[in-house]
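Notes follow once the structure below has been shown.
Side chains are part of it too, since the values below use all heavy atoms of this structure and drop only hydrogens, waters and symmetry mates.
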Amino acid sequence: MENYKATIYKSKASYLRKLVLGQPVAVIYRNRSLDDFIETAVKLRKDLKILLGKETFTTIEKEELKRKMTIIEENLIKIVTPCNHK
């Protein structure tokens with residue numbers, strides 16, 4: 001089951017068929033450092049949204065923070081997209 005979960009196959013039958021026929025099996029390799037980075041970035045994004053909801057910033061500061069969050073999100077997408085092999 002552990003080996004099956006690391007493959008691209010949607011069904012166990014497809015995976016087992018490849019194994020039984022001695023055909024190559026496609027395996028997904030995860031980049032742990034990228035996973036950690038994404039996890040941290042998502043937490044940061046949530047924390048920033050919480051800060052935006054508070055009344056400690058002026059309207060101009062909130063707009064600037066929203067603009068910077070948008071830039072961060074766009075850059076994260078640019079980083080992560082080439083790393084996702086589907």
Side-chain angles (χ1 to χ4, degrees):
M1 281 306 291
E2 204 170 303
N3 290 340
Y4 162 68
K5 289 178 183 179
T7 69
I8 64 167
Y9 303 102
K10 304 231 186 275
S11 72
K12 291 177 209 156
S14 299
Y15 171 67
L16 290 172
R17 190 175 305 111
K18 291 278 190 175
L19 288 178
V20 170
L21 297 174
Q23 297 175 341
V25 177
V27 179
I28 300 171
Y29 290 97
R30 299 292 306 194
N31 182 333
R32 185 66 196 148
S33 61
L34 179 63
D35 290 346
D36 291 343
F37 173 74
I38 291 170
E39 186 178 321
T40 302
V42 168
K43 184 177 180 339
L44 174 62
R45 183 175 170 262
K46 287 179 183 178
D47 291 345
L48 289 172
K49 282 190 174 192
I50 290 170
L51 284 175
L52 273 176
K54 300 194 177 203
E55 298 299 322
T56 55
F57 294 108
T58 66
T59 304
I60 294 171
E61 290 171 329
K62 283 186 178 186
E63 289 304 314
E64 181 64 15
L65 186 54
K66 284 180 189 177
R67 187 182 70 75
K68 288 181 179 180
M69 284 176 56
T70 301
I71 291 169
I72 290 169
E73 288 175 12
E74 290 169 354
N75 284 320
L76 284 173
I77 291 168
K78 287 179 186 176
I79 292 169
V80 172
T81 301
C83 298
N84 287 335
H85 302 297
K86 291 191 176 187

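Residues Leu44 and Leu65 share a single hydrophobic cluster, defined by chaining ILVMFWY side chains whose heavy atoms lie under 4.5 Å apart. Hydrophobic cluster membership differs between Met1 and Val20, with clusters built from Ile, Leu, Val, Met, Phe, Trp and Tyr side chains linked at under 4.5 angstrom. Leu51 and Ile72 fall into different hydrophobic clusters, defined by Ile, Leu, Val, Met, Phe, Trp and Tyr side-chain heavy atoms under 4.5 Å apart, directly or through other members.
The stretch residues 49-58 participates, sequence neighbours left out, in these side chain to side chain donor-acceptor pair (under 3.5 Å) pairs: Thr58-Glu61.
Residue Glu39 places its CD atom among 12 or fewer non-hydrogen atoms of other residues, nucleotides or ligands, all under 6.0 Å distant.
Annotation: salt bridge (charged side-chain N to carboxylate O under 4.0 Å, His left out) contacts of Lys5 (sequence neighbours excluded): none.
Between atom CD1 of residue Ile71 and atom CE of residue Met69 there is a gap of 11.5 Å, rounded to the nearest 0.5 Å. Remark: Tyr4 OH to Lys12 NZ distance equals 6.5 Å, nearest 0.5 Å. A distance of 11.5 Å separates CG in Asp47 from CG in Leu52, rounded to the nearest 0.5 Å.
A pairwise comparison of heavy atoms in Ala26 and Tyr9 identifies N-OH, 3.2 Å as the closest pair.
For Lys68 and Glu64, the salt-bridge test passes: some basic side-chain N is under 4.0 Å from an acidic carboxylate O.
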